[in-house]
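These notes concern the structure reproduced below.
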2 protein chains.
Amino acid sequence: MSAVERRGGAGIQSAERALRILELVGAAPTGLTAAEIADRLGLGQSTTYRLLATLQHDDYLARQPGEHRYILGRSVDELGRALQVQLVATDPVRAVLRALHDAVHAPAYLTVFRGDDIAVAHIADSPDHPRIGQLHVGFAEASHTTAFGKLMLASRDDAAVARFLERRGAARLTASSITDAATLRDQLDEVRAQQLAVEVEEYLPKLACIAAPVRSPAGRVVGAVSVSVSSKDLPSRAWELERAVRRGAWQVSARVAG
Amino acid sequence: MSAVERRGGAGIQSAERALRILELVGAAPTGLTAAEIADRLGLGQSTTYRLLATLQHDDYLARQPGEHRYILGRSVDELGRALQVQLVATDPVRAVLRALHDAVHAPAYLTVFRGDDIAVAHIADSPDHPRIGQLHVGFAEASHTTAFGKLMLASRDDAAVARFLERRGAARLTASSITDAATLRDQLDEVRAQQLAVEVEEYLPKLACIAAPVRSPAGRVVGAVSVSVSSKDLPSRAWELERAVRRGAWQVSARVAG
DNA sequence: CCCCTGCTTCGCACTATGTGCGAATCGCCG
DNA sequence: CGGCGATTCGCACATAGTGCGAAGCAGGGG
């Protein structure tokens, strides 16, 4: 087909082009015209229109009547909904998080491990006890500086952790962040022993976080339930928070399907 | 490639296969293995693995370390997020809906017109004033029996409305549902004149709904703000509700970008 | 009323791209 | 060490995908 190498291209090209179209259209708040898409992707019009027809046929794209621009369609919404289910963000689970929040008066988080990423599946907070910084529902960088991140790493063996660090590095976010591989390894051992991860001012100043593992029926660690508090409150509340988080994680585990 | 015709196939097949894989994986709460996918799609392994590699490369699919099953990846979430933006479901807009709900003590809805579909972009309700039936955020069938549906139809010309009815029909949902094309046309004229749509027990028994149009800066009607109340309350509150809904729609319009 | 300008579809010729099949590897478990 | 699933590789074929150019449409000014 075309001449020279395209960047990034690994695999089926027409599939990749289709995906790129979706991303492009999604990135434009009001959608794009066929010409704009063809232009930005460097495709001929024939090709572009055929691709667009396919995406439209399956409702991944739609267009307002009369308008000449393509916008994301309902299938995108359906996929997103399916993702929510895979993230275990069901109503009963949300209820557990809410109860946890109400019990400890601190924001509560449900995170799910996904490959090398961490997905924040749900947050129960309130105006009085706002969530951590800019953390929001969606995918987040997995990090060794968060309690749930440690839990995720602890669910793997040392070799896998080493590979992970090689890929992602061990960034220093605060003065307390752990950047030494050996220190981290020791901590992960402790996490495995306690089945609990704690983080104190390693991710954001003045903040601490406690996380307990969520397990699938098969016993696999698939995510974490956690709460964050001001680090100065941690010493006096550690015992209470640990109990609450452990219970929350247990309750969520009981409500997880596969 | 393969032999006989496949159902539905209109357009680029590898793109369609990629999309079908995403749907398949999304439909399985705990993901699928490569073999299962190949099997259900009737594809050879070579092809399947190549397709999977592509989807994984672009983060539409991911897999747990060690696991042999594919799950939806972060790109799916990103697309869904992009859709939210296109649906105008931004924080300032949500705030308007919340204020509207608090003012009238009734559930408030923001709907966005998308092709022939209606997307429920946001709902502001409360335990005291629950939302309409099973209506939830996401795409919904456009219907001439809802206030926002009438608004959507009213934003088109008679020919387009006729075409729509031909495609979707005019189903009777309650005793009051309008099923006669001529009657509907007259009502839509009235909607255009008043820039307001009302529905009384046409969608669900005992429920009434009032909707006002949201306009893009260009003046195009792109959606609706609406509230629903018990139909027995409508007569006494009509004036108040109309004012509140009109104001809400105006405020949302002012916060819409393109 | 008709031309002009963008959007969209069509037809065609070419071959790169996607494909199936089978075999080779890999990785894990017993 | 043997066996079994998962995954990759190699190869030959032709289909599916592509670009280009031209033909339809639709709409908006003049």
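Each chain gets a letter, A, B and so on, in the order its sequence line appears, and its residues count up from 1. No hydrogens, no waters, no symmetry mates; every other heavy atom, side chains included, goes into these values.
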How many angstroms lie between atom OG of S143(B) and atom CZ of R168(B), to the nearest 0.5 angstrom? 10.0 Å
In Å, rounded to the nearest 0.5 Å, how long is the span from CD of E23(A) to CD of E16(A)?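 So the gap between those two atoms works out to 9.0 Å.
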Starting at [atom1] of [X] and ending at [atom2] of [N], how long is that distance when rounded to a whole Å?
X	N	atom1	atom2	result
I21(A)	dG17(D)	CD1	P	13 Å
D39(B)	dA6(D)	CG	P	12 Å
L43(B)	dT7(D)	CG	P	16 Å
I37(B)	dT7(D)	CD1	P	10 Å
Q64(A)	dC7(C)	CD	P	17 Å
H68(A)	dT5(C)	NE2	C1'	12 Å
E67(A)	dG6(C)	CD	C1'	15 Å
L51(A)	dT9(C)	CG	P	14 Å

For S14(A) and S14(B), test the side chains for any donor-to-acceptor distance below 3.5 angstrom and give the result as yes or no.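 Yes.
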Do R114(B) and Q86(B) have a side chain donor and acceptor closer than 3.5 Å?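 Result is yes, a qualifying pair exists.
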If you check every side-chain atom of [X], which of [options] has the closest atom?
X	options	value
Q13(B)	dT17(C), dG17(D), dT8(D)	dG17(D)
S46(A)	dG11(C), dT18(D), dA6(D)	dG11(C)
I12(A)	dG17(D), dG18(C), dC7(C)	dG18(C)

Would one find a side-chain N or O of [X] under 4.0 angstrom from OP1 or OP2 of [N]?
X	N	value
R50(B)	dT17(C)	no
S14(A)	dA16(D)	no
Y49(B)	dT8(D)	no
R63(B)	dT7(D)	yes

Test side chain to side chain contact (heavy atoms under 4.5 Å, CB included) applied to V214(A) and V221(A), L110(A), V112(A), the passing residue: L110(A)
Is any side-chain heavy atom of Y60(B) less than 4.5 Å from a side-chain heavy atom of L79(B)? yes
Readout for nucleotides 23-29 of chain D: B = base within 4.0 Å of protein heavy atom, S = sugar-phosphate only, - = neither; 5' to 3' it is -------
Is the closest basic N to carboxylate O distance between R74(A) and D77(A) below 4.0 Å?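 Salt bridge: no.
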Let me spell it out: for each of A34(A) and Q45(B), pick the nucleotide of DNA chain C with the closest heavy atom. Which residue's pick is nearer the 5' end?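 Checking each residue's closest nucleotide, the 5'-ward one belongs to A34(A).
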